[in-house]
Amino acid sequence: GTLAKQLNETGAKLEKVFDELHREHVELEKVERIRKDFVINVSHELRTPLASIQGYTETLLEGAIHDDQNNVRFLHIIRQNAERLGRLTGDLLTLSRIEMKSQRFQFASYYVNPLLKDCIESLEPVAAKKRISLHLVPAPDRTEAFCDSEAVHQMMSNLLDNAIKYTPEDGRITVTAECLNDFVRVGVSDTGIGIPHEDLPRLFERFYRVDKARSRELGGTGLGLAIVKHLARSQGGDVGVESVLGQGTTFWFTLPTNDLGLSEQEAL
Ligand code: ADP
């Protein structure tokens with residue numbers, strides 16, 4: 001009787017272990033697939049501008065340098081693609097630093113409103129070129145966030161840069177800060193082209209773009225939102241997006257108001 005019972009219990013336990021192992025195996029396969037996809041994506045993204053640089057350099061050396069109709073145009077293409085390579089390698093380096101946790105964050109308490117005002121001011125000249133207005137709907141005075149100010153600058157710069165890129169001239173961008181329990185929620189809303197519903201779940205993946213050609217044309221690397229997500233999570237916050245196609249998009253991120261959220265993260 002007792003032996004049968006013990007065997008039964010052991011059997012049940014083993015089944016649980018097998019279940020767990022199976023789950024882990026599936027999870028590892030998924031991680032491996034994502035990693036392989038990423039390497040393929042990176043190679044492809046780097047190869048395209050590199051091929052263009054090689055091609056046009058070759059053409060110039062083979063005589064086009066004396067072709068006054070085209071030589072300057074070719075040089076401009078070479079420069080454009082070199083800049084693209086620079087942006088790509090820069091973004092890849094940023095991402096891998098965050099992922100390897102070798103990026104040192106300098107956490108401190110900051111007043112949210114002046115911090116956001118600073119970020120907005122840096123992008124004002126870019127917005128002005130398209131006559132896009134930038135607005136801040138501030139959090140209550142003296143609302144604090146426990147964060148790395150450089151990281152917040154980078155997140156805001158990526159989100160505002162996108163909002164400007166994907167909003168037609170004369171549009172409007174509103175940054176809203178509000179308190180939610182132990183978090184500050186920062187939203188960046190635009191009156192731009194919007195994002196189809198089915199693309200929203202994958203938007204924060206590396207190299208995921210709604211319209212590859214449009215993104216490239218606008219100088220995008222497809223890594224900006226992945227960087228925003230990693231930076232938010234590294235600071236104990238999160239990110240999200242809401243959008244109505246043809247009307248506009250709101251990206252938001254949260255930051256803890258004190259260091260509680262963060263020490264919990266470190267304890268994990
Ligand atoms: P990219 O360098 O291509 O802009 P991101 O990671 O910053 O890469 O953004 C990924 C994709 O999300 C973009 O290619 C674009 O399709 C979409 N996207 C990002 N921000 C916006 C926005 N404010 N409005 C519409 N689409 C956006």
Side-chain angles (χ1 to χ4, degrees), residues 23-24 26-28 30-39 41-42 87-88 90-112 115-116 118-119 139 143-163 175-189 195 199-210 220-243 249-268:
R23 254 199 301 275
E24 245 165 59
V26 170
E27 189 58 32
L28 277 175
K30 202 177 110 194
V31 169
E32 181 65 5
R33 208 200 60 239
I34 291 174
R35 200 190 59 81
K36 278 186 183 149
D37 282 353
F38 178 61
V39 173
N41 273 329
V42 169
R87 277 195 302 274
L88 271 166
D91 279 358
L92 282 169
L93 210 59
T94 303
L95 256 184
S96 76
R97 281 203 187 112
I98 306 169
E99 282 193 335
M100 312 268 289
K101 307 214 187 299
S102 60
Q103 162 132 347
R104 295 246 167 274
F105 289 100
Q106 306 256 326
F107 288 102
S109 283
Y110 291 92
Y111 289 129
V112 167
L115 181 58
L116 293 177
D118 251 20
C119 301
T143 299
E144 290 183 7
F146 191 75
C147 58
D148 176 322
S149 69
E150 271 304 307
V152 173
H153 265 277
Q154 165 115 58
M155 289 196 288
M156 285 299 290
S157 153
N158 288 6
L159 292 180
L160 288 172
D161 203 54
N162 279 347
V175 177
T176 309
E178 44 195 349
C179 292
L180 292 176
N181 300 321
D182 293 331
F183 289 89
V184 182
R185 182 186 189 273
V186 179
V188 178
S189 305
I195 297 163
D199 289 304
L200 293 178
R202 300 194 56 193
L203 218 55
F204 290 94
E205 289 177 21
R206 297 175 290 197
F207 295 123
Y208 191 83
R209 292 128 152 164
V210 177
T221 61
L223 294 171
L225 290 177
I227 290 174
V228 172
K229 181 178 126 185
H230 277 80
L231 286 175
R233 297 250 170 108
S234 304
Q235 293 175 96
D238 207 352
V239 290
V241 57
E242 287 138 28
S243 188
T249 306
T250 299
F251 283 95
W252 57 263
F253 62 86
T254 54
L255 294 169
T257 44
N258 50 55
D259 65 353
L260 283 180
L262 210 77
S263 21
E264 268 167 34
Q265 273 242 321
E266 273 168 357
L268 281 177

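No side-chain heavy atom of L231 sits less than 4.5 Å from a side-chain heavy atom of F253. Counting heavy atoms from C-beta on, the side chains of I34 and E205 never come closer than 4.5 Å. The closest side-chain heavy-atom distance from E178 to V184 is not below 4.5 Å. No side-chain heavy atom of L28 sits less than 4.5 Å from a side-chain heavy atom of E32. Looking at heavy atoms from C-beta onward, L223 lies in side-chain contact with F207 at the 4.5 angstrom threshold. Contact annotation: the side chain of F204 approaches that of V239 to within less than 4.5 Å [non-hydrogen atoms, C-beta and beyond].
Under the 3.5 Å distance criterion, the side-chain polar atoms of T257 are matched with a main-chain donor or acceptor of D182. For T250 (side chain) and E242 (main-chain N/O), no donor-acceptor pair under 3.5 Å exists by modelled atom type. Judged purely by atom type and a 3.5 angstrom limit, R209 uses its side chain to pair as donor or acceptor with the backbone of T221.
With rounding to the nearest 0.5 angstrom, the CG atom of L88 is 12.0 Å from the CG atom of L93. The line from CZ of F105 to CD1 of I98 is 5.5 Å long, rounded to the nearest 0.5 Å. For the atom pair CG (D238) and NZ (K229), the distance works out to 8.5 Å, reported to the nearest 0.5 Å. Rounding to the nearest 0.5 Å places CZ of F251 at 7.5 Å from OG of S243. In this structure, the separation between CG on L116 and OG1 on T176 is 10.0 Å, given to the nearest 0.5 Å. Interatomic distance, T249 OG1 to I195 CD1, rounded to the nearest 0.5 Å: 4.0 Å.
Scanning all heavy atoms of the two residues, the minimum distance from G237 to P256 falls at N-CD, 4.4 Å. When all heavy atoms are compared, the tightest approach of W252 to R185 is CD1-NH2, 3.0 Å.
Paired with H230 under the rule side-chain hydrogen bond (donor to acceptor under 3.5 Å, both in side chains), one option of Q103, Q235, E99, R97 passes, and it is E99.
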Practice item. Apply the test side-chain contact (heavy atoms from CB on, under 4.5 Å) to residues Y208 and L225: give CA-CA distance (whole Å), side-chain angles for both, the deciding distance (0.1 Å), then the verdict. Key: CA-CA 9 Å; Y208 191 83; L225 290 177; over 6 Å; no
Practice item. Mind running side-chain contact (heavy atoms from CB on, under 4.5 Å) on R206 and L95 for me, showing each step along the way? Key: CA-CA 9 Å; R206 297 175 290 197; L95 256 184; 3.4 Å; yes
Ignoring hydrogens and angles, write down the donor-acceptor pairs under 3.5 Å from the side chains of residues 146-158, residues two or more places apart or on other chains.
| from | atom 1 | to | atom 2 | distance (Å) |
| --- | --- | --- | --- | --- |
| D148 | OD1 | E150 | N | 2.8 |
| D148 | OD1 | A151 | N | 3.1 |
| D148 | OD2 | Q106 | N | 2.8 |
| S149 | OG | Y110 | OH | 3.4 |
| N158 | ND2 | G224 | O | 3.1 |

